[in-house]
Amino acid sequence: MKQFAFEEINRELLTFLDESPSSFHAVENMKTMLEKAGFTRLYEGQRWKLASGGSYYVTRNDSALIAFKVPKADFAGFQVMASHSDSPVLKIKANAEIEVEKQYVKLNVEQYGGMLCAPWMDRPLSVAGRIVVRTADGVATKLVYADRDLLIIPNLAIHMNRKVNEGYAFNVQKDMEPLFCGSGQDAKGSFLKFIAAEAGVRAEDILDTDLFLCSRMKGTVLGLNGEFIASNHLDDLQCAFASLKGLLAAEPRDSVAVHCVLDNEEVGSGTKQGAASTFLKDVLHRINSAMGRSEEDFLTAVASSFMVSADNAHGIHPNHADVADPTNRPYLNGGIVIKYSANQKYTTDAISGAVFKTMCDRAEVPYQIFHNRSDILGGSTLGNISGTQVAFNTVDIGLPQLAMHSIYETAGSKDTAYLIEAAKVLFSSSVQGDGDGSYRLN
Ligand code: ZN
C-alpha cells in the first residue's frame with residue numbers, strides 16, 4: 001500500500017489558503033514556492049531564452065501564473081494541469097464609504113461570481129487585494145492585506161425578518177454591505193486612508209484599487225478522526241496547490257510539464273488572464289520557439305499533448321444526498337473526481353477519461369465519477385473554454401467538496417495528496433496517439 005503524508009500536506013495546504021486571501025496573494029505565494037525551488041522568472045514583455053532541463057514561470061496581471069519544466073531531451077508535447085486562482089467574493093467599490101445616520105460607516109460592495117451569500121454574515125472579515133499608486137515616472141502596484149479583524153456584515157434579527165428560515169432573497173446592495181467603523185470623524189476617504197496606512201503609502205497617491213473582502217476564519221482539520229478539512233478558497237486553490245506540488249516533484253522526460261493557474265473562472269474566464277485568453281497558448285508558443293522549433297513542430301506537439309482541467313467537484317452532501325446522480329456517487333476522501341457531461345460542459349470523453357484513469361492507476365490513487373442529475377443543471381469550468389484557444393485532449397476533474405462557493409468550504413483530508421500523486425504522473429509522462437485510436441502513455 002502506498003503511503004501518503006496526509007497531515008503534512010494538509011498543514012501546508014491550509015497555510016497556503018490562509019495566506020492567500022485574494023487571487024493576487026495566491027499567485028504571490030506560488031511565486032515564492034517556485035523561487036524557492038529554483039524556478040527562473042520570465043516576463044511576457046521580454047525575450048525568452050530557455051534551456052533544456054530548465055524550470056521557469058511567468059505571470060499575467062499578477063493573478064494568473066504558468067510554471068513549466070522543460071525536459072532534458074527534445075520534447076514531444078505538453079502535459080498541462082489547469083486550475084483557477086479566483087473565488088466568488090465581494091469587491092469594494094470606489095468611493096466606498098456610506099454613512100448611516102451619522103452613527104456608522106459601512107462600505108459599498110458588489111458581487112464577484114456566484115457566491116452563497118448567507119455564510120458571509122456575522123463573521124470577522126478583512127480586506128485584501130492590490131492598490132496602484134502614483135510614482136515619479138508612472139504607477140506601481142502594491143499588494144495589500146489588512147491582517148486584522150476589521151469588518152462584519154451583521155444579519156438582521158429574526159424578529160424583523162420572521163420568515164427568513166423559509167428562504168430569503170439576498171440583495172447585495174442592501175444586505176451585504178460590511179460595517180467598517182463608527183462615525184464621528186469625516187467618513188469620506190476614511191477607508192482609503194486606512195488602506196494607505198496599511199500599505200505604507202500616502203492616501204493621495206492611491207490612484208486605483210482592486211480590493212476584496214476576505215474571511216478571517218483560518219482553515220482547519222475536523223471530524224472525529226481528522227477526516228475533513230474546512231477553509232476558504234478550496235475551490236479552486238486546493239487543485240492549484242496540488243498541481244504545483246505535483247510539478248515541483250515531477251521529472252518530465254518527453255513532454256514539457258505545465259502548471260497553469262488562470263483567473264476569472266468564476267465570472268466566465270473572458271479576461272486577458274482567464275481561460276478564454278491567449279495566455280496559455282502564448283506561453284506554449286514561446287516555449288516552442290525559444291527551443292528552436294518550428295510552427296509545424298508546435299502543432300504536432302499540441303496534437304501529442306494532454307490537459308487536465310482541475311476544478312473542484314461536488315461530493316455527495318450528507319443532508320442532501322438526493323440532489324446527486326443516482327449511480328455516480330463521489331464522496332469526500334473517495335479520490336479524484338472525473339467529471340462528465342453529455343452536452344460538453346466538461347471536456348471529458350471516453351478517451352481522455354480512460355487516459356486519466358490510467359494515470360491514477362499508475363499513481364496508485366483512487367478516482368470516482370461525477371455526472372449531474374439529469375434534471376439539475378450543473379456548473380461550468382475552464383477546460384472547454386481554454387480549448388477554444390489551444391485544443392488539447394482534455395479531461396475535467398476536481399476534488400470532491402461540500403458547500404462550493406461558500407466563504408468556508410469543506411473537503412476531504414486525503415484527496416489533496418491523491419491529486420498531487422496524479423499530477424506527478426501527468427507531469428512526468430507523455431501521451432502519444434497513433435491517429436488510429438490508440439494512445440501510448442510513456
Ligand atoms: Zn472552481
Side-chain angles (χ1 to χ4, degrees), residues 16 19-35 39-48 56-68 80-94 110-113 127-135 138-145 195 199 201 206-214 233 235-237 239-241 243-244 247 258-287 309-311 381-383 385-386 388-390:
F16 172 72
E19 291 175 355
S20 301
S22 77
S23 53
F24 304 110
H25 291 83
V27 165
E28 186 65 22
N29 290 326
M30 285 190 273
K31 280 163 65 180
T32 306
M33 289 165 76
L34 289 160
E35 294 277 347
F39 280 63
T40 303
R41 180 162 189 189
L42 301 168
Y43 294 87
E44 285 198 283
Q46 295 175 6
R47 288 183 164 274
W48 290 7
Y56 306 90
Y57 75 92
V58 58
T59 63
R60 186 178 276 190
N61 190 49
D62 299 317
S63 63
L65 176 144
I66 296 177
F68 57 92
V80 184
M81 187 172 285
S83 54
H84 66 89
S85 61
D86 61 321
S87 301
V89 68
L90 293 164
K91 185 172 189 198
I92 299 172
K93 293 186 195 172
E110 62 184 319
Q111 188 171 344
Y112 172 93
V127 180
R130 68 178 174 189
I131 58 172
V132 180
V133 297
R134 197 188 319 273
T135 61
V139 302
T141 307
K142 252 176 128 56
L143 278 188
V144 180
Y145 172 45
I195 292 295
V201 302
I206 298 179
L207 290 168
D208 220 325
T209 64
D210 286 315
L211 293 171
F212 304 89
L213 302 196
C214 60
H233 301 163
D235 172 17
D236 186 33
L237 293 183
C239 284
F241 174 83
S243 171
L244 178 52
L247 180 77
V258 184
H259 159 78
C260 173
V261 184
L262 299 161
D263 192 9
N264 304 124
E265 190 277 336
E266 302 295 359
V267 291
S269 295
T271 59
K272 65 189 182 300
Q273 59 277 358
S277 79
T278 58
F279 186 33
L280 177 61
K281 182 170 68 178
D282 291 348
V283 168
L284 300 185
H285 248 121
R286 294 179 73 164
I287 296 170
S309 160
D311 192 2
T381 181
L382 40 80
I385 297 174
S386 176
T388 61
Q389 287 292 336
V390 55

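Values below: all heavy atoms of this structure, side chains included; hydrogens, waters and symmetry mates excluded. All values derive from a computational prediction rather than experimental measurement.
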*Asks:* From Lys281 NZ over to Arg286 CZ, what is the distance, rounded to the nearest 0.5 angstrom?
*Replies:* 14.0 Å
*Asks:* Going by salt bridge (Lys or Arg N to Asp or Glu O under 4.0 Å), name the residues that satisfy it together with Lys272, two or more places apart in sequence or in a different chain.
*Replies:* none
*Asks:* Mind checking what makes salt bridge (Lys or Arg N to Asp or Glu O under 4.0 Å) contact with Glu44, not counting sequence neighbours?
*Replies:*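 With sequence neighbours excluded, Glu44 shows a salt bridge (Lys or Arg N to Asp or Glu O under 4.0 Å) to Arg60, given in chain and number order.
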*Asks:* Start with the C-alpha distance between Arg134 and Val139, add both sets of side-chain angles, then the distance that settles side chain to side chain contact (heavy atoms under 4.5 Å, CB included), and finish with yes or no.
*Replies:* CA-CA 5 Å; Arg134 197 188 319 273; Val139 302; 5.8 Å; no
*Asks:* Going through the distances and angles, do Leu34 and Leu244 end up as a side chain to side chain contact (heavy atoms under 4.5 Å, CB included)?
*Replies:* CA-CA 9 Å; Leu34 289 160; Leu244 178 52; 3.6 Å; yes
*Asks:* Evaluate side chain to side chain contact (heavy atoms under 4.5 Å, CB included) for Ile206 paired with Val201, printing each intermediate quantity in order.
*Replies:* CA-CA 8 Å; Ile206 298 179; Val201 302; 4.0 Å; yes
*Asks:* In the structure I gave you, are the side-chain heavy atoms of His233 and Asp86 within less than 4.5 Å of one another anywhere?
*Replies:* no
*Asks:* Closest heavy-atom contact between Gln273 and Ala64?
*Replies:*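 Looks like O-CB, 3.6 Å.
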*Asks:* Below 4.5 Å, heavy atoms only, C-beta onward: do Ser269 and Asn264 meet side chain to side chain?
*Replies:*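 When only atoms from C-beta onward are counted, Asn264 and Ser269 do not touch, as no gap falls below 4.5 Å.
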*Asks:* Looking only at non-hydrogen atoms, find the nearest pair between Thr59 and Phe279 and report the distance.
*Replies:*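 So the two residues come closest at C-CZ, 3.9 Å.
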*Asks:* Check Leu280 against Ser386 and note the closest heavy-atom contact, atom names and distance.
*Replies:*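 Minimum heavy-atom separation between Leu280 and Ser386: CD2-OG, 3.8 Å.
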*Asks:* Do you know which two heavy atoms are closest between Tyr145 and Cys214, and how far apart they sit?
*Replies:* CE1-SG, 3.7 Å
*Asks:* Measuring only between side-chain heavy atoms, which start at C-beta, is Thr141 closer than 4.5 Å to Ile131?
*Replies:*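 No, their side chains stay 4.5 Å or more apart.
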*Asks:* Does the ring centre of Phe39 sit less than 6.0 Å away from the ring centre of Tyr57?
*Replies:* no
*Asks:* Among residues at least two apart in sequence or on other chains, which ones pass salt bridge (Lys or Arg N to Asp or Glu O under 4.0 Å) with Glu28?
*Replies:*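 So Glu28 forms a salt bridge (Lys or Arg N to Asp or Glu O under 4.0 Å) with Lys31.
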*Asks:* Within the structure provided, determine whether His84 and Asp263 are in side-chain contact (heavy-atom separation under 4.5 Å).
*Replies:*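 When only atoms from C-beta onward are counted, Asp263 and His84 do not touch, as no gap falls below 4.5 Å.
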*Asks:* Under 3.5 Å, side chain of Ser87 to main-chain N/O of Asp235, donor-acceptor pair present?
*Replies:*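 Here the side-chain-to-backbone pair exists.
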*Asks:* When Val283 is tested against each of Ile66, Thr278, Val390 for side chain to side chain contact (heavy atoms under 4.5 Å, CB included), which residue passes?
*Replies:* Ile66
*Asks:* How far does OG of Ser22 sit from CG of Leu211, to the nearest 0.5 angstrom?
*Replies:* 9.0 Å
*Asks:* Checking Ser63 side chain against Phe24 main chain: does a donor-acceptor pair fall under 3.5 Å?
*Replies:*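 Answer holds: no.
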*Asks:* Supply the atom-to-atom distance Phe68 CZ to Tyr56 OH, rounded to the nearest 0.5 angstrom.
*Replies:* 7.0 Å
*Asks:* Of all the heavy-atom pairs spanning Asn29 and Glu19, show the shortest one and how long it is.
*Replies:* ND2-O, 2.7 Å
*Asks:* How about Val58 and Leu65: do any of their side-chain heavy atoms sit closer than 4.5 Å?
*Replies:*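 No. Closest side-chain heavy atoms not under 4.5 Å.
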*Asks:* Heavy atoms, side chains only, cut-off 4.5 Å: are Arg130 and Asn61 in contact?
*Replies:*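 Arg130 vs Asn61: side chains touch.
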*Asks:* Nearest 0.5 Å, please: how far is OG in Ser83 from CG in Leu237?
*Replies:*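 Here the rounded value is 8.0 Å.
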*Asks:* Would you say the side chain of Thr209 lies within less than 4.5 Å of the side chain of Ile195, judging by non-hydrogen atoms?
*Replies:*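 When only atoms from C-beta onward are counted, Thr209 and Ile195 do not touch, as no gap falls below 4.5 Å.
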*Asks:* Would His259 and Ser243 count as having a side-chain donor-acceptor pair, cut-off 3.5 Å?
*Replies:* yes
*Asks:* Can you check whether Val258 reaches Met81 side chain to side chain, under 4.5 Å on heavy atoms?
*Replies:* no
*Asks:* Would you compute the distance between atom CZ of Phe212 and atom NE2 of His25 and round it to the nearest 0.5 angstrom?
*Replies:* 11.0 Å
*Asks:* The test is side chain to side chain contact (heavy atoms under 4.5 Å, CB included); show your working for Val27 and Met30 and say whether it passes.
*Replies:* CA-CA 5 Å; Val27 165; Met30 285 190 273; 4.3 Å; yes
*Asks:* Parallel, tilted or perpendicular, judged at 30° and 60°: which one describes the rings of Phe241 and Phe16?
*Replies:* tilted
*Asks:* Taking all non-hydrogen atoms of both residues, which atom of Ala276 and which atom of Gly270 are closest, and how far apart?
*Replies:* CB-CA, 4.0 Å
